Amino acid sequence: MARPLRLPAGVDAAALLLLLAVTSRATAATAVDVGVNWGSQLSHPLLPSSVVQMLKENGMSKVKLFDADPWPVGALVDSGIEVMLGIPNDMLETMNSYGNAEDWVKENVTSYGDKLKIKYVAVGNEPFLKAYNGSFMKTTFPALKNIQKALNEAGVGGKVKATVPLNADVYVSPDNKPSSGAFRPDIEGLMTDMVKFLHDQGSPFVVNIYPFLSLYQSDDFPFEFAFVDGGKTIQDKGGISYSNVFDANYDTLVTALKKAGVPNLKVIVGEVGWPTDGDKNANVKLARRYYDGLLKKLAKKEGTPLRPGNMDVYMFGLFDEDMKSILPGNFERHWGIFTYDGKPKFPMDLSGQGNDKMLAAVPGVEYLPNKCAAGRAAATATVAASSALLALLMVLV
């Protein structure tokens with residue numbers, strides 16, 4: 001039989017229970033420090049201040065942007081939300097001039113002072129993607145070095161770090177085992193120099209991992225292995241086994257970093273998610289399953305076999321973006337956990353406790369008048385007026 005709880009003299013039982021309840025809710029709400037990508041390729045962007053209100057209401061404490069547009073950035077001022085600003089690929093060549101890098105840092109970082117909680121600057125976005133055919137191969141690393149130097153010279157380099165978000169195609173494994181991971185042969189030298197620079201500056205390696213694409217690109221890919229809660233496993237050296245492609249992909253990078261001489265370089269997953277339309281495997285049911293498994297994994301802080309512990313992850317993405325290219329597939333416009341107008345698509349629990357519920361929507365969304373309905377109303381009014389005029393003429397006759 002449990003012994004009764006005895007409170008110290010002067011401690012009110014009701015107050016203590018209230019405190020414990022509040023503490024319990026706060027702990028659950030912050031179990032997963034997950035971030036989210038806030039894209040801008042929408043034909044009808046939502047009011048940034050309303051988006052920030054939604055982020056705060058849902059307990060989302062980190063956002064990753066793809067540029068430094070003052071409109072959404074301004075809404076994040078004094079919000080307490082951690083920010084990763086972005087420099088688009090088409091600006092990389094411009095940032096090869098140190099003067100331009102200085103100007104960018106002054107305008108987009110130091111001008112906000114302590115009001116904007118900037119943690120990282122993303123220099124480019126997947127610039128070494130094979131599909132770009134080497135277009136940014138010569139401009140990315142110089143831009144990275146110039147931005148970090150400008151941050152250092154401005155006195156903020158200790159708390160704001162420059163990095164380069166990279167696609168998982170920058171590393172390979174000949175036998176599809178994480179223990180054989182290495183950087184892609186055509187960029188091995190460049191990647192080795194870059195990761196050593198990141199290490200020396202205390203900056204993280206940011207990688208985008210997409211289990212959905214593994215499934216999309218091969219009909220032979222084992223379906224269950226795409227999900228964090230999948231049952232399919234692969235065996236690696238040393239008795240290590242992997243039950244999902246996210247962990248296997250992540251550890252392939254960890255092996256590549258070790259081979260490059262930086263085994264302890266911090267890794268951030270800059271993008272991971274699941275689309276809800278545009279492919280046979282892109283739907284709400286599977287997206288909910290994927291996020292549910294991922295968030296529960298993050299809450300447990302179990303990490304991966306080669307990197308146990310807490311993981312830094314950003315979900316992709318916040319909203320459906322109807323102006324994104326569909327060249328990779330029709331699913332490209334359906335990655336959002338919210339619809340284009342800020343409504344949650346499916347229940348989820350960002351704390352990873354499995355208590356799924358619909359997230360708070362973006363408040364105050366205004367819609368344009370329905371032109372079809374307005375047209376029908378106008379036509380009806382015209383017919384009614386004509387009928388009335390005809391009736392009047394008949395009376396006069």
Side-chain angles (χ1 to χ4, degrees), residues 125-134 137 140-141 163-196 198-199 204-274 281 290 293-294 297 302-309 311-314 316 328-329:
N125 183 52
E126 300 185 335
F128 302 152
L129 198 66
K130 288 181 181 179
Y132 291 147
N133 297 315
M137 207 72 77
T140 301
F141 193 20
T163 186
V164 179
L166 296 163
N167 188 278
D169 76 345
V170 298
Y171 48 91
V172 294
S173 174
D175 59 2
N176 292 320
K177 300 292 179 63
S179 60
S180 301
F183 287 119
R184 218 169 66 208
D186 63 309
I187 56 173
E188 183 179 4
L190 174 58
M191 286 302 305
T192 299
D193 290 341
M194 192 180 328
V195 296
K196 288 182 176 178
L198 293 173
H199 177 268
F205 188 106
V206 177
V207 62
N208 301 338
I209 300 176
Y210 282 104
F212 167 80
L213 294 181
S214 298
L215 192 61
Y216 174 77
Q217 292 167 354
S218 174
D219 290 334
D220 296 326
F221 190 86
F223 181 82
E224 289 298 322
F225 198 57
F227 296 90
V228 178
D229 63 353
K232 170 76 175 179
T233 61
I234 63 170
Q235 297 298 318
D236 204 349
K237 296 176 182 178
I240 296 176
S241 63
Y242 291 89
S243 61
N244 66 87
V245 70
F246 177 83
D247 286 358
N249 193 310
Y250 189 101
D251 277 359
T252 303
L253 169 61
V254 172
T255 302
L257 292 173
K258 183 178 181 180
K259 291 179 179 178
V262 287
N264 299 314
L265 183 63
K266 177 181 173 65
V267 173
I268 293 176
V269 179
E271 297 179 18
V272 64
W274 199 281
N281 292 316
Y290 187 79
L294 176 67
K297 171 186 174 63
E302 62 186 19
T304 66
L306 297 186
R307 281 277 184 97
M311 303 182 80
D312 202 345
V313 174
Y314 290 79
F316 188 90

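Predicted model only: the values in this text are computed from it and were never measured. Residue indices begin at 1 and follow the sequence shown.
A pairwise comparison of heavy atoms in Gly293 and Val228 identifies O-CG1, 3.5 Å as the closest pair. Contact between Pro211 and Ala226 at its shortest, heavy atoms only, is CB-O, 3.4 Å. For the pair Leu198 and Pro204, the tightest heavy-atom approach, listed with the atom from each and the gap, is CD1-O, 3.7 Å. Scanning both residues, Ser241 and Pro305, for their nearest heavy atoms gives O-CG, 4.1 Å.
Note that CG of Asp247 is 6.5 Å distant from CE of Met311, once rounded to the nearest 0.5 Å. Annotation: the span from Tyr242 atom OH to Thr233 atom OG1 amounts to 12.5 Å, rounded to 0.5 Å. Between atom CD1 of residue Ile268 and atom CG of residue Asn208 there is a gap of 11.0 Å, rounded to the nearest 0.5 Å. Here the CZ atom belonging to Phe128 is positioned 6.5 Å from the CE atom belonging to Met137, to the nearest 0.5 angstrom. In this structure, CG in Asp220 is found 11.0 Å from CG in Leu215, a value given to the nearest 0.5 Å. Summarising the geometry, atom OG belonging to Ser214 is positioned 9.5 Å from atom CD1 belonging to Ile209; distances are rounded to the nearest 0.5 Å.
Contact of the Tyr314 side chain with the Val272 side chain is not registered, since no non-hydrogen atoms from C-beta on lie closer than 4.5 Å. Taking 4.5 Å as the limit, every side-chain heavy atom of Thr163 sits out of range of all side-chain heavy atoms of Phe205. Looking at Leu190 and Phe183, their side chains never come closer than 4.5 Å, going by heavy atoms from C-beta outward. With a 4.5 Å cut-off on side-chain heavy atoms, Pro127 and Val164 count as touching. Taking 4.5 Å as the limit, every side-chain heavy atom of Glu126 sits out of range of all side-chain heavy atoms of Leu166. Between Ile240 and Leu306, some side-chain heavy-atom pair lies under the 4.5 Å cut-off.
A side-chain donor-acceptor contact under 3.5 Å links Lys297 to the backbone of Gly303. Between the side chain of Trp274 and the backbone N or O of Asn281 there is at least one donor-acceptor pair closer than 3.5 Å. Judged by distance alone, with hydrogens and angles left aside, the side-chain atoms of Arg307 form no donor-acceptor pair with the main-chain N or O of Tyr250 at under 3.5 Å. No side-chain donor-acceptor contact under 3.5 Å links Asp169 to the backbone of Leu129.
Classified by interplanar angle (parallel below 30°, tilted 30° to 60°, perpendicular above 60°), the ring pair Phe227/Phe223 is tilted.
For the residue pair Tyr210/Glu271, the side-chain donor-acceptor check at 3.5 Å is satisfied. Counting only N and O atoms by type, the side chains of Asp229 and Tyr290 include no donor and acceptor under 3.5 Å apart.
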Show your reasoning for whether side chain to side chain contact (heavy atoms under 4.5 Å, CB included) applies to Val269 and Asp312. CA-CA 6 Å; Val269 179; Asp312 202 345; over 6 Å; no

Carefully, step by step, assess Val267 and Val207 under the rule side chain to side chain contact (heavy atoms under 4.5 Å, CB included). CA-CA 7 Å; Val267 173; Val207 62; 4.1 Å; yes

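Ionic pairing of Asp186 and Lys130 is not present here: no N-O contact between side-chain nitrogen and carboxylate oxygen is shorter than 4.0 angstrom. Asp175 has no carboxylate O lying under 4.0 Å from a charged side-chain N of Lys177, or vice versa, which leaves the two without a salt bridge.
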When the side chains of residues 255-263 are checked against the rest of the protein, which donor-acceptor pairs come out under 3.5 Å, sequence neighbours left out?
residue, atom, partner, partner atom, Å
Thr255, OG1, Pro178, O, 2.8
Thr255, OG1, Asp251, O, 3.0
Lys259, NZ, Gly181, O, 3.0

